[in-house]
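Comments concern the structure below.
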Amino acid sequence: MEIVTDRLLLDLPVRGDVDLVTRYCQDPFFEEYLTTPWPYSRSDGEGFLGVHVPAGWASGSEFTWALRTVRGGPLLGVISVRETQHEIGFWMGAEHRGAGLMGEAASAVCEWVLAGGIDGATTVFWRAVEGNVGSAKVARAAGFRHIRPENPTVPTRDGVGTLPAWYGVREAVIDPRAEASWDPVLGPRA
Ligand SMILES: CC(C)(COP(=O)(O)OP(=O)(O)OC[C@H]1O[C@@H](n2cnc3c(N)ncnc32)[C@H](O)[C@@H]1OP(=O)(O)O)[C@@H](O)C(=O)NCCC(=O)NCCS
């Protein structure tokens with residue numbers, strides 16, 4: 001299940017990552033944009049690493065990787081893909097952002113999914129709370145095409161309500177219109 005990119009090794013997040021996961025997940029962006037527990041405690045991190053991640057791999061319901069630069073090195077961020085809709089999700093520890101690493105990881109995970117990592121998958125789906133520019137730029141960098149179904153939403157943290165969202169889709173062959181499809185929300189790439 002390991003994936004190697006130019007600068008990253010994607011491998012299994014393990015119990016030993018709990019201190020970093022707990023620290024990264026205190027980030028106010030996570031409260032705004034993710035459905036990770038808030039406030040986030042060490043036992044949330046233990047449950048994520050000790051139960052959620054291995055159960056997802058065992059059942060095939062969600063595949064989750066740690067981003068590291070070297071084997072056995074510190075976890076920088078996390079990326080996952082769910083069996084349902086082949087939906088990708090990710091977060092990066094604050095001090096590691098802005099180096100293009102998540103775009104690199106997302107691209108590699110999409111290629112893994114579409115090359116047979118998930119049997120029969122022909123698309124990868126991405127969505128984010130409307131206004132999450134960082135996440136949308138990662139999606140653009142990873143070859144997603146912005147799509148506009150009627151009333152796109154994401155569930156709220158409590159699962160009861162919804163928030164307006166941006167949606168994107170990535171195919172095995174990147175659509176030549178993919179990059180420009182983001183212009184209405186992100187503007188042309190600088
Ligand atoms: C979204 C997130 C993972 C981006 O991580 P990152 O490592 O900075 O991403 P990258 O360095 O690969 O950046 C990819 C692009 O996004 C841009 N970007 C990253 N964060 C940004 C931000 N907060 N605002 C604007 N642009 C941002 C980068 O400049 C880069 O742009 P480019 O493609 O034009 O060069 C990170 O900001 C994060 O963890 N956010 C909180 C959690 C979250 O929102 N997750 C996604 C939920 S859908």
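Just so it is clear, the values below take in all heavy atoms, side chains as well, and ignore hydrogens, waters and symmetry mates. Ligands are counted one by one from 1 in listed order, and the atoms in each one are counted from 1 as well.
- Qualifying salt bridge (Lys or Arg N to Asp or Glu O under 4.0 Å) partners for Arg82, counting only residues two or more places apart in sequence or in other chains: Glu62.
- The protein non-hydrogen atom at the shortest distance from atom 13 (O) of ligand 1 is Val138 CG2, 4.1 Å.
- With sequence neighbours left out, Arg71 forms a side chain to side chain contact (heavy atoms under 4.5 Å, CB included) with Glu2, Leu9.
- Note that CG of Leu186 is 9.0 Å distant from OG of Ser181, once rounded to the nearest 0.5 Å.
- Distances below 4.0 Å separate heavy atoms of Val133 from the following atoms of ligand 1: 25 (C).
- Using a distance-only test at 3.5 Å, with no hydrogens or angles considered, a donor-acceptor pair links the side chain of His86 to the main chain of Thr123.
- Note that CG of Asp183 and CZ of Arg189 are 10.0 Å apart. Values are rounded to the nearest 0.5 Å.
- What sits closest to atom 8 (O) of ligand 1 on the protein, heavy atoms only, is Gly98 N, 2.7 Å.
- The shortest contact between atom 45 (N) of ligand 1 and any protein heavy atom is with Phe90 O, 2.8 Å.
- In terms of modelled atom types and a separation under 3.5 Å, the side chain of Gln26 and the main chain of Tyr40 share a donor-acceptor contact.
- In this structure, atom 27 (C) of ligand 1 has a protein heavy-atom contact shorter than 4.0 Å.
- The N/O atoms of Ala128, backbone and side chain alike, include none that comes under 3.5 Å of an N/O atom in ligand 1.
- Closest to atom 48 (S) of ligand 1 among all protein heavy atoms lies Ser135 OG, 3.2 Å.
- Of all protein heavy atoms, the one closest to atom 20 (N) of ligand 1 is Gly134 CA, 3.6 Å.
- If you number the atoms of ligand 1 from 1 as listed, the ones under 4.0 Å from a heavy atom of Asn132 come out as 43 (C), 44 (O), 46 (C), 47 (C).
- For atom 35 (O) of ligand 1, the nearest non-hydrogen atom of the protein is Arg189 NH1, 4.0 Å.
- Residue contact check: Arg127 has heavy atoms under 4.0 Å from atoms 48 (S) of ligand 1.
- Side chain of Arg127 to backbone of Ala165: no donor-acceptor contact under 3.5 angstrom is found.
- Under the 6.0 Å cut-off for aromatic ring centres, Trp91 and Phe30 qualify, their centroids lying closer than that.
- Between Met92 and ligand 1, an N or O atom pair is found at a separation short of 3.5 Å.
- Heavy atoms of Arg140 found under 4.0 angstrom from ligand 1 belong exclusively to the side chain.
- Here is the list of ligand 1 atoms found below 4.0 Å of a heavy atom in Tyr33: 44 (O).
- A salt bridge does not link Arg157 with Glu32: none of the charged nitrogens is closer than 4.0 Å to a carboxylate oxygen.
- At a 4.0 Å cut-off, at least one heavy atom of Ala99 sits close enough to ligand 1 to count as contact.
- Atom 29 (O) of ligand 1 has as its closest protein heavy atom Lys137 CD, 4.8 Å.
- Without hydrogens or angle criteria, Arg15 side chain to Glu46 main chain gives no donor-acceptor distance under 3.5 Å.
- At a heavy-atom cutoff of 4.0 Å, ligand 1 is contacted by no atom of Val129, backbone or side chain.
- Closest protein heavy atom to atom 37 (O) of ligand 1: Arg97 CD, 3.3 Å.
- Counting the atoms of ligand 1 from 1 in the order shown, those under 4.0 Å from a heavy atom of Gly103 are 12 (O).
- Expressed to the nearest 0.5 Å, how far OG1 of Thr153 lies from CD of Glu130 amounts to 11.0 Å.
- Considering Trp166, Tyr167, Trp126, Phe144 in turn, Trp126 is the only one that fulfils the ring pair (Phe, Tyr, Trp, His ring centres under 6.0 Å) rule with Trp182.
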